[in-house]
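The structure appears right after this line, and notes come after that.
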Amino acid sequence: MPELPEVETVARTLEPQIKGRVIDAAHVLLPKTLEAGKDLLSAAFPGARVTAVRRRGKVLLFDLEPGYVMAFHLKMTGRLFVHKAGEEPNKHTRLIFDLAPEAEKPAARLFFDDARTFGYCRLMQPEDLTFWPFWTKLGPEPLSLAQKDFIQSVKNRKGAIKALLLDQTVIAGIGNIYADEACFRSGVPPSAPASSLTGKQLGKLLENIKAVLTESIEECGSSIRDYRDANGDAGAFQNRFRVYGRAGEACVDCGTPLQKTVVAGRATVFCPRCQRI
DNA sequence: TCCTCCCTGTTC
DNA sequence: GAACAGGGAGGA
């Protein structure tokens, strides 16, 4: 499930493959996957050139010249791969972008594959971002978030702390894996109301969010089932999970069997001994 | 603020 | 053949 580290890794591995390249054509194999921008397709392609690939929260953004932006949300099973020209779609291919040949690069095709079809792409003009509610409501980037701002935004909230970490309007990019891992490292029960935590505990939580995200980016993300980067390679951070997916196993710190529960409608694993307030 | 639904491949 | 995985929209 691509969260911030996985989307960051996709951006880093994809940009060298497509930056500077002109998109000749877009093929929409599943209409709903192109969530916005059907009316812009014929104006943008052929001709739009990719000038940058970047990330905001879990959103992957292509800047196109002149005057367009493409946003992708991979959700659970979305993938972006560059294939050789002539590559035929597979059963999960939803969008294809034909890349024109460049000086030293032959023609190619960028596939957006998505088995569960939750992912989407939006082709927009930059000013359209203002009218995309999900984008305008996105919370701050965790890696550059100041402790005082994080504490301020959650300290009086009554909801479970994990629910707030998953709320993209509070903090952008955290999903189920990193929420559980950050709570464990901080000794915070995921179900604890945010308002029950001290400023010191919240500060520590943000530090551990940054640590777990940074470590995962260094490992090229976590590959549970479907996730691969744009080179088709798996990440390695799944080998460093301390709680996610380890219900019933021994806590790495105290040996107590890890417990499984549901918070914010999501499977949640925690150590009943280490995570207490 | 919380619950349900969307969707399909994998696991039990 | 049912349960499960889960990000985010939308409704209670």
Side-chain angles (χ1 to χ4, degrees), chain A residues 1-8 10 29-36 55-61 71-80 89-95 112-122 129 131-142 153-183 190-197 209 213 216 221-228 234-235 237-238 241 243-249 258-270:
Chain A
M1 11 262 63
E3 304 179 27
L4 187 153
E6 291 76 32
V7 180
E8 179 68 27
V10 171
L29 285 69
L30 182 67
K32 75 162 188 173
T33 300
L34 186 64
E35 192 182 77
R55 178 198 61 75
R56 169 86 171 91
K58 301 176 194 174
V59 176
L60 192 68
L61 276 179
F72 291 87
H73 200 307
L74 306 178
K75 291 291 182 82
M76 267 77 71
T77 52
R79 296 177 172 193
L80 285 159
N90 61 68
K91 65 188 284 198
H92 298 314
T93 304
R94 310 306 180 193
L95 304 172
F112 180 63
D113 295 346
D114 185 14
R116 283 156 75 175
T117 76
F118 278 19
Y120 58 79
C121 169
R122 299 175 64 97
L129 286 169
F131 304 102
W132 181 21
F134 179 70
W135 180 262
T136 58
K137 287 193 229 159
L138 264 183
E141 286 290 320
S153 64
V154 302
K155 68 175 185 182
N156 293 325
R157 304 279 298 263
K158 293 187 175 65
I161 185 63
K162 180 179 174 180
L164 293 177
L165 298 184
L166 295 176
D167 183 339
Q168 301 299 297
T169 69
V170 172
I171 186 168
I174 300 173
N176 207 29
I177 293 172
Y178 301 104
D180 274 10
E181 294 295 319
C183 285
S191 58
S195 56
S196 71
L197 302 174
I209 287 168
L213 295 176
S216 183
S222 308
S223 292
I224 310 297
R225 281 169 280 271
D226 299 274
Y227 167 72
R228 293 293 184 275
F237 193 71
Q238 66 278 10
F241 291 166
V243 287
Y244 180 86
R246 298 190 63 240
E249 296 179 35
L258 297 175
Q259 287 185 10
K260 188 171 188 174
T261 182
V262 174
V263 178
R266 298 289 167 252
T268 299
V269 183
F270 67 104

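By convention in this document, chain letters (A, B, ...) are assigned in the order of the sequence lines, proteins followed by strands, and residues within each chain are numbered from 1. Only a predicted model underlies this, so the values are computations on that prediction, with no experimental measurement involved.
Within the 4.0 angstrom heavy-atom criterion, only backbone atoms of the sugar-phosphate kind lie near A:Ala267; the bases stay farther away. Using a 4.0 Å heavy-atom criterion, one finds that A:Lys137 contacts no nucleic acid atom at all.
Counting only N and O atoms by type, the side chains of A:Asp114 and A:Thr117 include no donor and acceptor under 3.5 Å apart. Under 3.5 Å, the side chains of A:Ser216 and A:Tyr178 contain a donor-acceptor pair of N or O atoms.
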#### Entry: nucleotides 7-12 of chain B: protein proximity per nucleotide (B base, S sugar-phosphate only, - neither; heavy atom, under 4.0 Å)
BBS---
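For the pair A:Arg55 and A:Glu141, the salt-bridge criterion is met [side-chain N within less than 4.0 Å of a carboxylate O]. Under a 4.0 Å N-O distance rule, the pair A:Asp180/A:Lys162 qualifies as a salt bridge.
Rounded to whole angstrom, the span from the CD atom of A:Glu3 across to the P atom of C:dA5 amounts to 14 Å. Rounded to whole angstrom, the span from the NZ atom of A:Lys162 across to the P atom of B:dC2 amounts to 14 Å. With rounding to whole Å, A:Asn176 atom CG is found 5 Å from C:dG6 atom P. The distance between atom CG of A:Asp167 and atom C1' of C:dG7, rounded to the nearest whole Å, is 11 Å. If you take CD1 of A:Ile171 and P of C:dG7, they are 15 Å apart, rounded to a whole angstrom. The distance from atom CG of A:Leu165 to atom P of C:dG6 is 15 Å, rounded to the nearest whole Å.
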### Task
Test side chain to side chain contact (heavy atoms under 4.5 Å, CB included) on A:Thr77 and A:Phe118 and set out the steps.
CA-CA 8 Å; A:Thr77 52; A:Phe118 278 19; over 6 Å; no
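Nearest heavy atom pair, residue A:Asp167 against residue A:Thr169, reads OD1-OG1, 2.7 Å.
Ring centroids of A:Phe72 and A:Phe112 are separated by less than 6.0 Å, placing the two rings close together.
Nearest-nucleotide assignment on DNA chain B puts the 5′-proximal partner with A:Leu164, out of A:Gly265 and A:Leu164.
Of the residues A:Thr33, A:Leu34, A:Asp113, the one that meets the side-chain contact (heavy atoms from CB on, under 4.5 Å) test with A:Arg94 is A:Thr33.
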Output a table of nitrogen or oxygen pairs between the protein and nucleotides 8-12 of chain C separated by less than 3.5 Å.
| from | atom 1 | to | atom 2 | distance (Å) |
| --- | --- | --- | --- | --- |
| C:dG8 | OP1 | A:His73 | NE2 | 2.5 |
| C:dG8 | OP2 | A:Gln168 | NE2 | 3.4 |
| C:dG8 | O6 | A:Arg266 | NH2 | 2.9 |

